[in-house]
Amino acid sequence: LNAPHVDAVRQTIRANNIGLMIVDPFISSHTVKAWAEIADETRCAIELVHHSRKTNGLAITVEDGRGAVALLNAARSARTLNVMTKDEAEKAGIKDEPRFYFRLDNGKANLAPPPERSTWHRLVSVPLGNERPDRPGDHVGVVTAWEWPSVFEGVTVSDLRAVQAKVARGEWRADAQATAWVGNAVAEVLGLDTDEPAVRSKVKGLLKVWIETDALRIVERVDPKRMPRKYVEVGEWATD
């Protein structure tokens with residue numbers, strides 16, 4: 001631990017009334033304990049940018065950081081950044097490069113929340129306006145807020161009533177692999193194509209909410225072959 005450097009950091013923070021200091025990368029600096037002490041003594045927020053170990057394609061959690069236990073124990077808060085996966089891009093209906101989208105998850109938790117509940121951002125190329133007749137201008141990547149598409153976008157109460165009416169007239173299964181999957185009824189009413197991953201994800205999201213709110217209800221009974229199956233029926237009819 002280089003004590004003169006620690007003292008210099010303290011003095012610089014105090015002299016300039018710094019409220020936030022970002023250390024990148026943390027691994028090349030002092031120990032976590034030293035930074036925690038500096039934060040306490042100067043009343044300055046210290047953010048440590050850290051790298052994770054390889055996860056073989058799995059989403060990074062706060063416990064995947066190098067020396068994670070020591071860092072997590074000393075940190076007040078921990079966040080992770082994950083680039084959008086191909087599967088997430090298909091579910092969200094992203095047509096351009098998913099590498100331009102990334103999610104931020106906050107909390108000392110091993111399990112990350114579902115992608116639609118994360119805070120998402122998108123890198124956008126912004127021109128600097130310095131083009132000249134003899135050369136093109138420069139661009140810089142800017143982080144912007146991005147919202148995960150809502151499953152209820154374009155869906156109304158009238159649509160729900162139409163779905164309930166169709167469900168009431170047929171025998172619809174809860175199993176998404178079944179030919180008579182209730183999601184096919186939803187897609188038919190809404191004019192959607194469940195062969196598209198983003199649409200299929202939207203339909204599943206709608207069904208999840210409608211079942212949780214008892215607009216639709218899962219019941220178990222035997223099929224014509226006397227096999228027990230889970231079917232979907234109308235629960236509470238939707239009203240305006």
Side-chain angles (χ1 to χ4, degrees), residues 16 18-29 35 44-66 68 71 75-156 190-206 208-209:
N16 295 277
I18 294 173
L20 168 65
M21 177 179 179
I22 300 176
V23 183
D24 180 15
F26 156 72
I27 198 67
S28 299
S29 67
W35 286 119
C44 173
I46 305 292
E47 182 168 13
L48 306 176
V49 180
H50 196 35
H51 296 98
S52 68
R53 60 174 177 263
K54 295 186 182 299
T55 59
N56 296 321
L58 297 177
I60 295 169
T61 70
V62 292
E63 295 182 353
D64 290 318
R66 299 172 185 172
L71 181 58
R76 185 180 299 272
S77 176
R79 297 179 293 179
T80 58
L81 295 178
N82 281 285
V83 175
M84 179 179 283
T85 65
K86 181 179 179 181
D87 181 59
E88 289 171 344
E90 289 181 347
K91 289 180 179 179
I94 299 299
K95 302 300 182 182
D96 54 352
E97 286 283 354
R99 62 189 177 90
F100 294 132
Y101 300 79
F102 64 93
R103 58 190 282 189
L104 185 149
D105 296 309
N106 197 342
K108 294 185 178 182
N110 185 40
L111 298 177
E116 64 271 19
R117 297 182 186 173
S118 299
T119 301
W120 283 92
H121 301 274
R122 180 189 178 196
L123 282 174
V124 178
S125 181
V126 175
L128 296 182
N130 61 348
E131 64 275 4
R132 297 190 320 203
D134 59 332
R135 65 169 175 78
D138 297 313
H139 289 70
V140 62
V142 176
V143 175
T144 61
W146 181 80
E147 294 289 336
W148 187 272
S150 170
V151 295
F152 284 97
E153 185 176 349
V155 179
T156 66
L190 299 180
L192 302 175
D193 181 5
T194 54
D195 288 336
E196 297 183 18
V199 171
R200 196 171 184 85
S201 177
K202 177 185 179 72
V203 169
K204 288 181 176 180
L206 289 170
K208 182 176 184 294
V209 174

>> As an exercise, state the distance from CD of E47 to CG of L20, rounded to the nearest 0.5 Å.
In response: 6.5 Å
> When you look at CG of N56, are more than 12 heavy atoms from neighbouring residues, nucleotides or ligands closer to it than 6.0 Å?
Replying inline: no
>> Any heavy-atom pair between the side chains of H50 and D24 that's under 4.5 Å?
In response: no
> Just how far is it from atom CD1 of I22 to atom CD1 of I46, taken to the nearest 0.5 Å?
Replying inline: 10.0 Å
> Going through the distances and angles, do Y101 and E88 end up as a side chain to side chain contact (heavy atoms under 4.5 Å, CB included)?
Replying inline: CA-CA 10 Å; Y101 300 79; E88 289 171 344; over 6 Å; no
> Which atoms form the tightest heavy-atom contact between A92 and A198, and what is the distance?
Replying inline: C-CB, 4.4 Å
Taking distance alone, no hydrogens or angles, what donor-acceptor pairs closer than 3.5 Å link side-chain atoms of residues 136-154 to residues at least two apart or in another chain?
| unit_1 | atom_1 | unit_2 | atom_2 | d |
| --- | --- | --- | --- | --- |
| D138 | OD2 | N130 | ND2 | 2.8 |
| T144 | OG1 | R122 | O | 3.0 |
| S150 | OG | F152 | N | 3.2 |

>> To the closest 0.5 Å, what do you measure between CG (D193) and CZ (R200)?
In response: 10.5 Å
>> Rounded at 0.5 Å granularity, tell me how far CH2 in W35 sits from CE in M21.
In response: 3.5 Å
>> Nearest 0.5 Å, please: how far is CD in E97 from CG in L123?
In response: 12.0 Å
> Where do N106 and A78 come nearest, in terms of heavy atoms and distance?
Replying inline: OD1-O, 3.1 Å
>> I'd like to know whether N82 forms a side chain to side chain contact (heavy atoms under 4.5 Å, CB included) with F102, so could you lay out the CA-CA distance, the side-chain angles of the two residues, the decisive distance to 0.1 Å, and finally the verdict.
In response: CA-CA 5 Å; N82 281 285; F102 64 93; over 6 Å; no
> Rounded to the nearest 0.5 Å, how far does CG of D105 lie from OG of S118?
Replying inline: 3.5 Å
>> Is there a side chain to side chain contact (heavy atoms under 4.5 Å, CB included) between K202 and V155? Walk through the geometry before answering.
In response: CA-CA 11 Å; K202 177 185 179 72; V155 179; 4.2 Å; yes
> Between T85 and P98, what is the shortest heavy-atom contact and its length?
Replying inline: O-CB, 4.3 Å
>> I'd like to know whether V124 forms a side chain to side chain contact (heavy atoms under 4.5 Å, CB included) with F100, so could you lay out the CA-CA distance, the side-chain angles of the two residues, the decisive distance to 0.1 Å, and finally the verdict.
In response: CA-CA 8 Å; V124 178; F100 294 132; over 6 Å; no
>> Can you confirm whether V49 sits close enough to P25 that some side-chain heavy atom of one is under 4.5 Å from a side-chain heavy atom of the other?
In response: no
> Side-chain contact, heavy-atom cut-off 4.5 Å: L81 with R103?
Replying inline: no
